[in-house]
Visitor: 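Take a look at this one; I'll ask things after.
Basis for what follows: all heavy atoms, side chains included, without hydrogens, waters or symmetry-related copies. Not measured: the values here are computed from a predicted model. Below, read A as the first sequence line, B as the second, and so on, with proteins coming before strands; counting in each chain starts at 1.
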There are 2 protein chains.
Amino acid sequence: MKPPETFFHSRLFRGLGNEELADLTAICQRRRISAGEQLIKQHSTAQNVYVVVSGTLMIERLSRSGRRQVIAFAYSGDYIGFTNTEEYEYSVVSLRETELQSFVRREFLALVDQSSTLKANARQIGGNVLAQTLDQLFALGQKKAHERLCFLLAQIGRRQCGTQNADIELIMSRQDIADYLGLTIETVSRAFARLKSMKLIEIVSAHRIRILDNAILEELASVH
Amino acid sequence: MKPPETFFHSRLFRGLGNEELADLTAICQRRRISAGEQLIKQHSTAQNVYVVVSGTLMIERLSRSGRRQVIAFAYSGDYIGFTNTEEYEYSVVSLRETELQSFVRREFLALVDQSSTLKANARQIGGNVLAQTLDQLFALGQKKAHERLCFLLAQIGRRQCGTQNADIELIMSRQDIADYLGLTIETVSRAFARLKSMKLIEIVSAHRIRILDNAILEELASVH
DNA sequence: CGTCTATTTGAGCATAGTCAACCGACGTGG
DNA sequence: CCACGTCGGTTGACTATGCTCAAATAGACG
């Protein structure tokens, strides 16, 4: 039995035997959500885990006072809901039509228990989530506005490098970027202008950026 | 066989049977490090996990450019090195004489695999680490200097509430606080002065703060 | 072509950073 | 015992970065 092809492009399923893949397939549900739809509501009980097949999601956190912190953007192959707490700590909304694989968390964890490969993969994913959050923490704590923007652009660039040329597509709005980097939209806009004047990027359109000097961009973005 | 008393005050060991505790005791090493000593070096391979018995540790991250982000302070009962990656993402240094329980990571993970209670506990700890990091991320992204300081004071206050009165002890230096909150020492100092003038705190000495109005402090600190 | 929304730009302001002086605690050595 | 130096912390003056408010512009879409 050959598992669906989409299973393969995700790190979660790397190195699994056919039997393990069959078990996963058995508990895997397909789900498709449209742009702007909410997948996970902050403080709801964590009942599912998801793998993004296609599309883009935004993970965010809202405070009582209405302030918002965007935690991450998730693309094809990313994992959602791999929380170790019983409640989701964040909301997840889609930025455009998104296709997902959905697993009941309890069933998924049971399978993870049975397969050492799957366990290692899941552990690695959890580690990457934390590592990525620590990178962002460093950027917010130590970097100036234009450097934070480089951090985001470099991150997206790395994600999309295989897909095409040096152009990157920014699916999210300026407000989303601002809330991700701990800035205002105006400052984000000025940061774009600054990187443009530094000849690091070209602003093809508001949502399409061309990287002109990736080395310096990465240097400014660097958190190591 | 009664396990050593120190095992009990840590969430990691909650609800374990005597046999599980005996297994843990068998692989547990005691370690004592003095103030300023480094326990973990950034980018070294993750070979051990630790539980703090007494003392205080600081978890930090250094970049090539010399900038530093303090990630957390760890006190009695906290866990160190519960990374899911093969390398430590951070350094850990002690702020004062510190006593630790040390486990070989591989052996520890093997025991975790065998005990569902221990597994649940370890998972919860991982979740708390991420939750705490997300709180800090929110504070750095969305809060002003004096609010960030409230965030730290409230956090330490909650930690120490059982121990004594409303006084809290700040073991770390102003520079450590600054690098934790993404500020400079001067701004931290002014933030202290501001909270004092707001009558939220009393500065008994540079490293001893008395909370005068915990409700407002918590309100300013709140990330929810 | 007009309307709506997202984004950019500008002017002024507030917050935090920089640089420098100062203060107080502590320890050393005369 | 006191003068001196060091270190960590505070305070002040000035600067720069980013925020606020407002206006202009650019697309998207009917």
Visitor: Let me know the distance between CZ of B/Arg194 and P of D/dT10, rounded to the nearest Å.
Guide: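 The distance from CZ of B/Arg194 to P of D/dT10 comes to 17 Å, rounded to the nearest Å.
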Visitor: Taking atom P of C/dT5 as reference, at what distance in whole Å does atom CD1 of A/Ile185 sit?
Guide: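 So the CD1-P distance, A/Ile185 to C/dT5, works out to 14 Å.
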Visitor: Find the distance A/Leu170:CG to D/dG27:P and express it as a whole number of Å.
Guide: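 It is 16 Å, rounded to the nearest whole Å.
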Visitor: Using whole Å, what does the distance between atom P of nucleotide D/dG18 and atom CG of B/Leu183 come to?
Guide: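 About 14 Å, once rounded to whole Å.
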Visitor: Heavy atoms from C-beta onward define the side chain here; which of C/dG17, D/dT11, D/dG9 lies closest to that of B/Glu186?
Guide: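 Nearest to the side chain of B/Glu186 among the choices is D/dT11.
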Visitor: May I have the distance from A/Lys143 (atom NZ) to C/dG17 (atom C1'), rounded to whole angstrom?
Guide: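 From A/Lys143 NZ to C/dG17 C1': 17 Å.
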Visitor: Taking only side-chain N and O atoms of B/Arg174, does any of them lie within less than 4.0 angstrom of OP1 or OP2 on D/dT10?
Guide: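 Looking at the OP1 and OP2 atoms of D/dT10, one of them is under 4.0 Å from a side-chain N or O of B/Arg174.
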Visitor: Closest-nucleotide mapping onto DNA chain C: is A/Thr187 or A/Lys144 further toward the 5' terminus? I mean the 5' end.
Guide: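 Counting from the 5' end, the first nearest nucleotide belongs to A/Thr187.
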Visitor: Nearest to the side chain of B/Arg190, which nucleotide is it out of C/dG17, C/dT9, D/dC19?
Guide: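 The closest nucleotide is C/dG17.
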Visitor: Reckon B/Ser189 has a side-chain N or O less than 4.0 Å from the OP1 or OP2 of D/dG9?
Guide: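 Answer no for this pair, as no side-chain N or O of B/Ser189 is under 4.0 Å from OP1 or OP2.
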Visitor: Looking for any heavy atom pair under 4.0 Å, which part of the strands does A/His146 touch: base, sugar-phosphate only, or nothing?
Guide: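 The residue A/His146 makes no contact with any strand.
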Visitor: Can you list everything that forms a side chain to side chain donor-acceptor pair (under 3.5 Å) with B/Arg96? Sequence neighbours excluded, please.
Guide: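 Residues passing side chain to side chain donor-acceptor pair (under 3.5 Å) with B/Arg96: B/Thr56.
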Visitor: Please determine whether the number of non-hydrogen atoms from other residues, nucleotides or ligands lying under 6.0 Å from atom CD of A/Glu202 exceeds 12.
Guide: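 Count over threshold, so yes.
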Visitor: For B/Ser91, what residues pass the side chain to side chain contact (heavy atoms under 4.5 Å, CB included) criterion, not counting sequence neighbours?
Guide: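 Only B/Gln38, B/Gln42, B/Glu60 meet the side chain to side chain contact (heavy atoms under 4.5 Å, CB included) criterion with B/Ser91.
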Visitor: Taking atom P of C/dT7 as reference, at what distance in whole Å does atom CD of A/Gln175 sit?
Guide: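 Rounded to the whole Å, the gap is 9 Å.
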Visitor: Between A/His207 and D/dG27, is there a contact of a side-chain N or O with OP1 or OP2 at under 4.0 Å?
Guide: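 Looking at the OP1 and OP2 atoms of D/dG27, neither is under 4.0 Å from any side-chain N or O of A/His207.
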Visitor: Between A/Phe103 and A/Phe108, what is the ring plane arrangement, given parallel below 30°, perpendicular above 60°, and tilted in between?
Guide: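 The arrangement is tilted - the two ring planes meet at 30° to 60°.
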Visitor: Salt bridge check: are A/Arg105 and A/Glu86 linked by an N-O gap of less than 4.0 Å?
Guide: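 Salt bridge between A/Arg105 and A/Glu86, a charged N being under 4.0 Å from a carboxylate O: yes.
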Visitor: Contact class for B/Ser173 (heavy atom, under 4.0 Å): base, sugar-phosphate, or nothing?
Guide: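 Sugar-phosphate only.
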Visitor: Whole angstrom is fine here: how far is it from NZ in A/Lys196 over to C1' in C/dT9?
Guide: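 After rounding, the reported distance stands at 12 Å.
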Visitor: Using whole Å, what does the distance between atom P of nucleotide C/dG17 and atom CD of A/Glu147 come to?
Guide: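 Roughly 13 Å, once rounded to whole Å.
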